[in-house]
Amino acid sequence: MKPDNKAAIGIFDSGIGGLTVVKSVMKMLPGEDIIYFGDTARVPYGIKSVETIREYAFQITDFLVKKQVKMILIACNTVAAAAESLLVDRVAKKNIPVLGVIDAGAKAALEVPSNHKRIGVIGTLATVGSGAYEKAIQEKNQDISVFSKACPLLVPIAEEGWADTDIARQTLEIYLESFQDKELDALILGCTHYPLFRQQILSVLKNPSLEIVDSADSIALKAKEVLTEKKLINTQEKGSFSCYVSDKPQRFQHLAELFLGEAVRRVEVISLPV
Ligand code: DGL
């Protein structure tokens, strides 16, 4: 297929959390049409097996390919950890670039000035258990030490709208305890939901030189670089947004606003595989 700059960017996640990536893409690439798929019927992925996560990711990728997108962004850290290279291979013949949050986040963390050569990563059990961030960082720089911590309670706390509460703060104090004496240069927010905790994390870690790496911003920036290089930027003033989910959760609008910062006017429910 000949790449077309008017084609949409496909973005997907296990649920609604990937709207944090949509938000960053809308900010950095305002002219792009976006097709989003959130697998709300099967979320969370973070506690599922690698085989199951891969199977779901194949189905969603095939759906986006049918929609003739010009690029696919894996917004979900858990999917990127389990399946990024498999998805790249799956669509390679169709000439559709596939970018994942892990590669983009690891590169951004390596660009942070490194005084202590120490990077922290927080994510779901599946993401941290996969060691994907460590691998992506140490493939590029073996001198960096990577410290990881799974923070599974943060997803439900974010979805409850409690990211700014004392409950979130106390939870973060427990999860981040082991980072307090590590003198990290950067901390990667390795989960779609974690940008909501940015301020709380900074205040709990009390490390004035710490840089927070938001993998949502990192992948949006990377997408811009790749589209520019391939001359595939859509130059229209404002792109459209199409939102598909596999189930319409209760409080969908509330969750969408939490992650995207605005209401999602239309959402279509579809079952996979299509
Ligand atoms: N989207 C997932 C991630 O970024 C978090 C939610 C889930 O466990 O499915 O890892």
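All ligand and atom numbering here is 1-based and tracks the order in the structure.
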Numbered atoms of ligand 1 (with element) below 4.0 Å of Gly46, judged on heavy atoms: 7 (C), 8 (O), 9 (O)
Pair Thr78, Thr124: side-chain N/O donor-acceptor within cut-off below 3.5 Å: yes
Test item: side-chain donor near acceptor, Asp217 and Ser24, under 3.5 Å: yes
Nitrogen or oxygen atoms of Thr192 and ligand 1 under 3.5 Å apart: yes
Top protein contact for atom 6 (C) of ligand 1, by heavy-atom distance: Ser14 OG, 3.6 Å
Atom indices of ligand 1, in the order listed, that fall short of 4.0 Å to a heavy atom of Val43: 9 (O)
Heavy-atom nearest neighbour in the protein, as seen from atom 10 (O) of ligand 1, with distance rounded to 0.1 Å: Thr78 OG1, 2.6 Å
Contact summary for Pro113 and Asp185, nearest pair of heavy atoms: O-CB, 4.0 Å
Output field: ring centroids Tyr36/Phe12 closer than 6.0 Å: no
Identity and separation of the nearest protein heavy atom to atom 1 (N) of ligand 1: Asp13 OD1, 2.8 Å
Atoms of ligand 1 close to Thr124 [distance to a heavy atom under 4.0 angstrom, numbered from 1]: 5 (C), 8 (O), 10 (O)
Lys/Arg-Asp/Glu bridge criterion (N-O < 4.0 Å) met for Glu84, Arg54: no
Heavy-atom gap Cys191 to ligand 1 smaller than 4.0 Å: yes
Donor-acceptor side-chain pairing of Asp39 and Ser14 below 3.5 angstrom: no
